[in-house]
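Okay, structure first, notes after.
For ligands, and for the atoms within them, numbers begin at 1 and follow the listed sequence. Since the structure is predicted, the reported quantities are computational estimates derived from the model, not experimental observations.
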Amino acid sequence: MTVSVTRTGAIARVTIDNPPVNAASHAVRSGLMKAVADCEADAAVTAVILHCAGRTFVAGADIREFDAPPQEPHLPDVIAAIEGASKPWIAVLHGTVLGGGLELAMGCHARVAAPGTRLGLPEVNLGLIPGAGGTVRLPRLVPADVALTMIAGGKPVPADAALASGLIDAVAGGDLLDAATALAGDVTPEPTLDRAVRAPQDRDAFDRQAATLVAKARGQVSVAEAVRAVERALDLPAAEALAAERAAFLDLKGHPQARALRYIFFAERGTLSDPRCKGATRPVEQVAVVGGGTMGSGIAAACLFAGLTVHLMERDAPAASAGSMRVAQILDGAVTRGRMTQGARDSLQMRFSASAAPADLAQADLVIEAVFEDRDAKTEVFAMLDAQTRADAILATNTSYLDVTALARTVADPSRVIGLHFFAPAHIMKLLEIVVPDGVADDVVATAAALSKRLGKTAVLAGVCDGFIANRVLTAYRQEADALIEGGASPYEVDAAMRGFGMPMGVFEMQDLSGLDIGWAARKRRAAAGVPGYRPAPISDALCEAGWFGRKTGRGWYRYDEGAAAPCPDVAALLARHRPDRPIDADRIMARILGAMQREGAAILDEGIAARASDIDVAMVAGFGFPRWRGGPMFLSDTP
Ligand code: T1G
């Protein structure tokens with residue numbers, strides 16, 4: 001039964017049970033409409049408690065219904081029926097109360113949440129705005145600036161912040177239903193819409209906050225629409241604001257950006273649908289990381305943040321100490337940024353150790369090597385791991401391009417070897433490529449998939465090749481960018497076109513950030529290995545030969561005299577010496593860049609390196625900031 005009603009004395013209890021997240025499907029909406037009528041008709045009922053079975057209160061409208069014609073009863077009508085009831089409805093909240101779920105709760109006359117509950121209106125992340133009264137009711141419960149941030153920012157808030165702002169009436173430990181029952185006697189069925197909006201104290205500051213949110217959206221239209229909806233709630237009567245919100249919501253639902261965001265939402269949840277990801281796993285609580293450089297320390301920190309016990313191993317004591325320092329700095333940064341308390345940080349530190357003693361690897365359930373990107377160096381590490389680790393310990397390599405199957409074959413039991421390719425900084429970047437070598441055991445794949453979820457990563461499975469998925473696509477569009485400037489375009493117009501498309505930065509800015517010498521070394525390696533598809537980049541090579549490696553040398557494609565990036569006249573002169581300037585417009589630039597991504601993606605699919613086109617899109621969004629509201633390069637190639 002999706003919605004059931006029981007009564008204990010004068011209190012009716014309406015229970016929604018629609019796994020996995022109690023999405024407000026047509027069945028839920030219909031069941032709620034009937035529950036309102038039943039409770040209104042039952043004279044013995046003096047108050048109603050609304051709650052959900054399972055792990056969360058309603059986590060939103062059912063996104064899977066969005067591409068079908070909307071079916072009555074519509075959620076706004078259900079919420080209006082509850083809000084207009086003659087008896088008070090108390091919403092009992094737990095888990096992630098999101099979107100239509102929070103709108104439903106705001107239509108109730110009071111709200112009680114369990115500790116740890118998170119509440120939000122994330123519709124902008126789906127290219128939408130709240131479409132069931134959220135933009136009109138929220139500013140009547142919380143201050144306008146809080147409402148604006150929640151609606152246009154799309155991020156949930158914890159229960160204590162919701163209580164402080166007025167969104168909920170109580171946070172109750174113990175039996176939530178008892179707490180709600182105790183509260184029921186004091187709740188009157190006053191509609192939320194009858195409350196006055198909590199207008200901003202300083203409208204100019206509010207307007208500045210709104211402008212900042214829109215600017216950060218980088219072209220995602222739903223954010224600007226969300227701002228307009230909150231402004232209407234402040235400036236118009238509730239009924240008018242509601243009607244305008246619904247019209248804007250329905251208009252956005254069919255917008256290409258909303259379709260793309262729905263696509264990537266489900267694509268991210270489909271990357272580990274390979275049966276091998278769902279099987280039995282090996283327990284992982286003790287993780288060892290070999291190599292305490294930038295990658296190793298980031299991986300160690302990511303594992304600590306996930307509650308794992310971590311041992312960092314380096315070649316000698318000074319290196320182990322330096323690696324420990326890097327990990328400690330990352331933990332300190334989490335405290336500085338308010339991500340965790342000092343106490344929480346210190347308890348993580350207690351789960352961390354470091355040494356240069358291979359014998360300390362004996363307890364590890366999983367070892368991740370993150371040493372220098374060199375075949376011989378990694379082979380040497382694997383030989384040591386083969387000797388020093390338990391036979392059932394999983395051995396993972398963080399290599400970004402080496403042949404993981406070949407590496408696996410250097411140990412006695414190749415079935416325990418897998419690739420875990422993190423992206424720098426490993427404790428921040430969401431993408432994790434699980435590189436699946438020939439002969440790996442199924443439970444090793446399943447364990448890697450489970451680990452990726454525990455680390456909060458967006459994981460894709462990749463086959464073994466040079467660059468796997470994300471870096472292969474990156475190399476392809478970097479080469480296309482090199483071809484564009486060799487053809488006469490300026491690096492600055494290429495970067496501007498990519499930023500205008502919604503990329504976080506242009507490909508030349510990105511090279512300056514990571515270091516031109518990295519690409520230079522990769523080109524030399526690919527040239528020497530005769531990697532198919534390799535194309536020389538004489539202009540990029542010329543900058544490297546001049547020692548212009550980017551930010552770290554104060555100049556690369558850009559100059560960094562005062563820290564800020566500025567076009568470099570010497571680069572313009574160097575370009576002029578190589579070829580005549582031939583400006584090209586942004587649309588043409590992006591057509592060539594996207595075309596390169598899509599051709600490489602098609603090759604990756606043909607070779608079976610990626611299981612599905614959407615995995616390539618997920619990798620580009622999570623790995624290189626491809627704008628989510630465009631879906632991904634492969635999505636765009638299928639979209640007219
Ligand atoms: N509709 C349908 N299915 C959903 C869903 C939803 N809203 N949310 C999650 N699922 C599925 C998901 O596809 C997966 O399915 C399973 O649930 C577990 O999800 C009118 C219009 C709730 C924080 O944006 O943020 O309300 O793969 O793997 O990591 O104004 O899911 O198992 O088959 O993500 O624990 C607003 C979106 C909708 C919330 C749980 N709500 N969901 O995270 O599990 S628009 C959202 C999430 C709206 C109103 C508007 C997360 C989660 P499967 P999961 P999780």
What atoms of ligand 1 come closer than 4.0 angstrom to any heavy atom of Asp62?
1 (N), 2 (C)
With Pro19, which residues qualify under side-chain contact (heavy atoms from CB on, under 4.5 Å), at least two apart?
Asp17
Under-4.0 Å salt bridge between Arg137 and Glu245:
no
NZ/NE/NH1/NH2 to OD/OE distance under 4.0 Å, Arg29 and Glu72
no
Would you call Glu123 and Lys253 a salt bridge, taking side-chain N to carboxylate O under 4.0 Å as the test?
no
Provide the number and element of each atom of ligand 1 under 4.0 Å from a heavy atom of Gly100.
26 (O), 48 (C), 49 (C)
Nearest-neighbour protein heavy atom for atom 52 (C) of ligand 1, which is reported as residue plus atom name and distance:
Thr96 OG1, 4.4 Å
Atom 25 (O) of ligand 1: the protein heavy-atom neighbour that sits closest, reported with distance to 0.1 Å:
Leu98 CD1, 4.0 Å
Under 4.0 Å from one or more heavy atoms of Phe66, ligand 1 contributes atoms 21 (C), 45 (S)
Would you mind finding which of Ala24, Pro122, Pro20, Ala59 brings a heavy atom closest to atom 22 (C) of ligand 1?
Ala59
Ranked by distance from atom 27 (O) of ligand 1, the top protein heavy atom is Arg269 O, 4.1 Å
Could you list which atoms of ligand 1 come closer than 4.0 Å to a heavy atom of Leu126?
24 (O), 38 (C), 45 (S)
How far is atom 4 (C) of ligand 1 from the closest protein heavy atom, and which atom is that?
Val21 CG2, 3.9 Å
Taking only heavy atoms of Phe249, which atoms of ligand 1 are found under 4.0 Å from at least one of them?
21 (C)
Looking at non-hydrogen atoms alone, which of Glu65, Glu103, Arg55 comes nearest to atom 49 (C) of ligand 1?
Glu103
Protein non-hydrogen atoms only, distance under 4.0 Å: does atom 8 (N) of ligand 1 have such a neighbour?
yes
Kindly list each side-chain donor-acceptor pair under 3.5 angstrom involving residues 168-177, sequence neighbours excluded, with atom names and distances?
{"from": "Asp169", "atom 1": "OD2", "to": "Arg111", "atom 2": "N", "distance (Å)": "2.7"}
{"from": "Asp175", "atom 1": "OD1", "to": "Leu177", "atom 2": "N", "distance (Å)": "2.7"}
{"from": "Asp175", "atom 1": "OD1", "to": "Asp178", "atom 2": "N", "distance (Å)": "2.9"}

Atoms of ligand 1 under 4.0 Å from any heavy atom of Pro130, numbered from 1 in the order shown, are 30 (O)
Closest approach of any protein heavy atom to atom 1 (N) of ligand 1, naming residue and atom
Ile63 N, 3.0 Å
Report yes or no: is the cationic atom of Arg630 (NZ for Lys, CZ for Arg) closer than 6.0 Å to the six-membered ring centre of Phe501, at no more than 45° off its axis?
yes
Would you mind finding which of Gly101, Gly99, Gly154, Gly131 brings a heavy atom closest to atom 36 (C) of ligand 1?
Gly99
Side chains of Val435 and Leu420, heavy atoms from C-beta outward: is any pair under 4.5 Å?
no
Give me the residue, atom name and distance of the protein heavy atom closest to atom 15 (O) of ligand 1.
Arg64 NH1, 4.4 Å
Side-chain contact, heavy-atom cut-off 4.5 Å: Leu331 with Phe352?
no
Check whether any side-chain heavy atom of Leu348 lies under 4.5 Å from a side-chain heavy atom of Met340, and answer yes or no.
yes
Under 4.0 Å from atom 29 (O) of ligand 1, is there any protein heavy atom?
no
Any non-hydrogen protein atom below 4.0 Å of atom 32 (O) of ligand 1?
no
Measuring only between side-chain heavy atoms, which start at C-beta, is Phe265 closer than 4.5 Å to Arg269?
yes
Below the 3.5 angstrom mark, is there an N/O of Ala23, backbone or side chain, next to an N/O of ligand 1?
no
Any idea which heavy atoms bring Ala267 and Ser614 closest together, and the distance?
CB-CB, 3.8 Å
Any non-hydrogen protein atom less than 4.0 Å away from atom 13 (O) of ligand 1
yes
With a 4.0 Å cut-off on N to O distance, would you call Arg276 and Asp443 a salt bridge?
no
Just by distance, do the side chain of Glu433 and the backbone of Phe468 share a donor-acceptor pair under 3.5 Å?
no
Under 3.5 Å between some N or O of ligand 1 and some N or O of Phe266?
no
